[in-house]
Novice: 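Can you keep this structure in mind? I'll have questions shortly.
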Number of protein chains: 2
Amino acid sequence: MANIQEVARKAGVSVATVSRVINNYSGVTERTRQKVEKVIEELNYEPSMLGRNLRTLESKLILVLIPSISNPFYTEIINGIEETAINLGYNILLCETDSNPEHEQRYFGLLKKRMADGIISMDPAVNKAKLAELAESYPIVQCSEYDEDINIPYVTINNELAAYQAVKHLVKLGHEKVALISSDERYLYARERKCGYERALNEFGITANEAFIYHTESISFEYGQHAMRKLLDLKDRPTAVFALSDILAIGALKEINSSGLLVPKDIALIGFDKISFSNMTYPALTTVAQPMFKMGAAATNMLINRIKGMRVESMVMEHELIIREST
Amino acid sequence: MANIQEVARKAGVSVATVSRVINNYSGVTERTRQKVEKVIEELNYEPSMLGRNLRTLESKLILVLIPSISNPFYTEIINGIEETAINLGYNILLCETDSNPEHEQRYFGLLKKRMADGIISMDPAVNKAKLAELAESYPIVQCSEYDEDINIPYVTINNELAAYQAVKHLVKLGHEKVALISSDERYLYARERKCGYERALNEFGITANEAFIYHTESISFEYGQHAMRKLLDLKDRPTAVFALSDILAIGALKEINSSGLLVPKDIALIGFDKISFSNMTYPALTTVAQPMFKMGAAATNMLINRIKGMRVESMVMEHELIIREST
DNA sequence: TTGAAAGCGCTAACAT
DNA sequence: ATGTTAGCGCTTTCAA
């Protein structure tokens with residue numbers, strides 16, 4: 001494993017010149033450059049990031065905090081983050097918090113130990129206070145899930161409007177008995193989407209029926225099934241359901257099918273997120289698409305700008321209602 | 001951001017002693033240790049991985065090569081890798097190759113540039129020749145997908161036996177017309193599973209019908225749909241289908257449902273992998289479970305042992321047929 | 001038990 | 001246009 005010294009010696013130049021060549025700096029004659037490049041080739045020299053990183057005091061690594069890697073909601077965002085990061089010379093460290101404060105703490109430690117240059121947080125359960133404190137010393141941006149109260153830039157969509165449009169779509173289809181399968185209202189997106197749901201109903205003079213609003217304890221599939229079971233057990237059951245996420249909607253769908261009812265004939269169903277599986281169900285889910293890839297890309301650009309010391313502005317991106325077979 | 005020098009000065013000791021304390025070395029008096037720890041606390045000192053990594057010539061990072069992060073097949077393996085890596089003081093860099101040689105090349109470069117200490121390859125489309133060459137200089141292990149011809153340790157399951165058992169299950173249920181939805185036979189697992197399929201049929205005196213074997217071009221959902229369409233269009237159509245992966249099976253399931261047929265009444269269906277979504281379909285898929293988490297953990301232990309210079313042995317782990325609603 | 005000092009591989013300020 | 005040199009923050013050898 002050759003190092004910069006050996007290259008310099010063998011090429012008959014100084015290490016500074018070799019450094020200039022490998023970093024493509026100007027001010028090296030073509031002749032010298034070629035001489036150095038030839039030796040680099042011969043020795044199979046690869047510059048060590050370890051030396052460079054210590055010298056420049058950066059790791060070229062970005063932490064991406066997500067609750068769980070198995071949640072397909074994050075995959076497209078991660079793709080957006082990754083592509084952008086790579087283009088800008090960074091790599092990403094995917095950090096699963098499992099909504100566990102200890103794991104979170106461990107990843108924060110990685111930042112303090114200079115193992116990473118910044119954080120993109122997508123974890124709705126993150127400790128906002130700790131994140132805010134950390135943000136005073138380190139570059140951090142929030143993506144998708146965010147908290148307005150803490151002073152950390154974010155990229156998100158208008159959840160209230162998206163939910164409003166989804167429910168309006170159901171109402172326009174003739175549904176008056178529209179249920180909501182919501183998750184924990186500790187999360188901002190849940191509160192916002194519920195507002196949109198209520199606004200749509202109010203606008204059409206429909207009184208929101210409390211029995212039609214179900215809060216799940218967790219966002220996993222089984223809880224969608226369970227919620228739907230409860231809604232189907234009502235003497236006066238809903239004719240349409242808006243689920244806060246595709247995963248919950250897919251759980252609901254399975255429960256509806258198991259009851260021998262048909263979607264959308266007996267019950268219309270809308271999800272949220274447009275995860276890839278929302279297209280694989282029978283019938284395919286109507287859902288709300290977030291511009292995942294772009295959101296990830298934007299968050300990454302923001303973070304890297306912060307790393308470089310620039311100020312950045314939060315942004316709200318456009319969503320889209322995707323009407324498919326389930327409504 | 002305090003460094004080790006400041007801590008040493010403020011504590012009135014040498015940097016060597018501070019280093020001993022932060023690394024929990026013996027041979028430091030309790031009095032000295034406490035003095036140093038007090039100063040570390042006061043200065044909020046966090047040792048820099050950058051300095052340590054250069055000094056020890058390691059990055060404490062492991063590359064995990066997967067074709068795509070959106071394939072749920074990998075999530076549990078990754079969890080196993082991650083947990084084990086963290087326990088041993090490593091972090092993982094998830095690398096999506098998209099089966100693109102350029103991306104692959106880029107990740108190999110990360111290893112050469114000392115940005116990572118080793119590779120766990122799970123990419124069936126990886127360039128085996130390049131991987132083998134790299135393995136001569138760097139620690140590498142293969143997980144799940146492997147190539148016996150190159151001298152790189154691997155952890156896998158007995159794919160032939162698993163497929164044999166799955167198909168045998170179908171035959172015992174009375175099915176004689178069992179179709180196979182296979183993927184590209186360039187991949188070892190596809191060839192092995194096909195062997196198992198044929199062995200099971202042969203054992204029961206059933207002649208494999210060439211028309212019942214369909215090779216998809218890609219492993220995504222839509223190709224499962226398409227394959228099933230072709231199988232349904234046969235004048236003499238199969239009564240059972242063994243798909244090489246759950247994703248293909250889920251595509252097949254959607255196509256069967258769309259045709260107004262019922263699973264398992266009209267057609268029985270088996271997948272492979274036990275991805276989380278295989279339980280969310282209606283009906284839930286019968287499938288073959290690989291011990292994903294354990295495989296990831298084992299691969300990681302093997303890799304880290306290699307990094308430490310030890311020799312390691314390949315291993316074959318146990319699978320399990322999970323009988324659910326679709327058969 | 002503790003300290004002094006070298007050095008990991010690189011970049012960049014400064015000198016020529 | 002090129003070279004000399006200091007030093008990023010740490011670990012580790014050797015000496016005391």
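Convention: sequence-line order gives letters A, B, ...; per-chain numbering from 1.
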Novice: Could you tell me which non-hydrogen atom of A/Ile157 sits nearest to which non-hydrogen atom of A/Met295, and how far apart they are?
Specialist: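 Smallest interatomic distance, heavy atoms only, reads CG2-SD, 4.1 Å.
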
Novice: How do A/Asn23 and B/Arg31 order along DNA chain C: which one's closest nucleotide is nearer the 5' end?
Specialist: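 Comparing both residues, the 5'-ward one is B/Arg31.
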
Novice: What range of DNA chain D does chain B touch, first nucleotide to last, counting atoms under 4.0 Å from its heavy atoms?
Specialist: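 Listed 5' to 3', the contact boundaries are D/dG9 to D/dT13.
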
Novice: Check this for me: does any side-chain nitrogen of one of A/Glu102 and A/Arg106 sit under 4.0 Å from a carboxylate oxygen of the other?
Specialist: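 Answer for the salt bridge query: no.
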
Novice: Determine yes or no for a side-chain-to-main-chain donor-acceptor pair under 3.5 angstrom, with A/Ser183 supplying the side chain and A/Ser218 the backbone.
Specialist: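 Not a single qualifying donor-acceptor pair exists.
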
Novice: Regarding A/Glu76 and A/Asn79, is there a side-chain donor-to-acceptor distance under 3.5 Å anywhere?
Specialist: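 Short answer, yes.
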
Novice: Between B/Gln142 (side chain only) and B/Ile152 (backbone N and O only), is there a donor and an acceptor less than 3.5 Å apart?
Specialist: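 A pair under 3.5 Å: yes.
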
Novice: OP1 or OP2 of C/dC10 less than 4.0 angstrom from a side-chain nitrogen or oxygen of A/Ser19, does that happen here?
Specialist: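 No, no such contact exists.
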
Novice: What residues form a side-chain hydrogen bond (donor to acceptor under 3.5 Å, both in side chains) with A/Lys113, not counting sequence neighbours?
Specialist: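 Partners of A/Lys113 under the side-chain hydrogen bond (donor to acceptor under 3.5 Å, both in side chains) test: none.
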
Novice: For a quick test of reading the model, state the closest non-hydrogen atom pair linking B/Ser314 to B/Met302 and the distance between them.
Specialist: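 Heavy atoms of B/Ser314 and B/Met302 come nearest at CA-CE, 4.3 Å.
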
Novice: Run the numbers on A/Met122 and A/Ile78 for side-chain contact (heavy atoms from CB on, under 4.5 Å), then give the verdict.
Specialist: CA-CA 10 Å; A/Met122 301 204 280; A/Ile78 294 169; 4.2 Å; yes

Novice: Looking at every heavy atom in both B/Gln5 and B/Val15, which two are closest together, and how far apart are they?
Specialist: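 Minimum heavy-atom contact is OE1-CG1, 3.6 Å.
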
Novice: Could you please spell out the steps behind the side-chain contact (heavy atoms from CB on, under 4.5 Å) verdict for A/Leu134 and A/Lys130?
Specialist: CA-CA 6 Å; A/Leu134 210 59; A/Lys130 285 236 171 77; over 6 Å; no

Novice: One pair to check against side-chain contact (heavy atoms from CB on, under 4.5 Å): A/Lys38 and A/Gln34. What are the steps and the verdict?
Specialist: CA-CA 6 Å; A/Lys38 183 157 160 289; A/Gln34 297 206 346; over 6 Å; no

Novice: Taking only nitrogen or oxygen atoms into account, show me every contact under 3.5 Å that the protein makes with nucleotides 14-16 of chain C, one pair per line with its distance.
Specialist:
none

Novice: Assign A/Thr17 to base, sugar-phosphate, or nothing according to its heavy-atom contacts below 4.0 angstrom with the strands shown.
Specialist: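 If one applies the 4.0 Å heavy-atom cut-off, A/Thr17 turns out to touch the sugar-phosphate alone, with no base involved.
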
Novice: When you measure from the side chain of A/Asp273 to the backbone N and O of A/Ile275, does any donor-acceptor pair fall under 3.5 Å?
Specialist: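 Absent.
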
Novice: Any residue in residues 42-61 of chain A with a heavy atom nearer than 4.0 angstrom to DNA chain D? Just list them by number, or reply none.
Specialist: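 Of all residues in residues 42-61 of chain A, the ones placing a heavy atom under 4.0 Å from DNA chain D are A/Leu54, A/Arg55, A/Leu57.
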
Novice: Using heavy atoms and a sub-4.0 Å distance, could you list which residues of residues 1-13 of chain B are near DNA chain C? By number, please.
Specialist: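 The answer is B/Gly12, B/Val13.
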
Novice: Can you name the ring-ring contact (aromatic ring centres under 6.0 Å, His included) partners of B/Tyr146, sequence neighbours left out?
Specialist: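 Scan of B/Tyr146 (ring-ring contact (aromatic ring centres under 6.0 Å, His included), adjacent residues dropped) gives B/Tyr154.
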
Novice: Any side-chain N or O of B/Thr32 less than 4.0 Å from the OP1 or OP2 oxygen of C/dT1?
Specialist: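 Answer no for this pair, as no side-chain N or O of B/Thr32 is under 4.0 Å from OP1 or OP2.
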
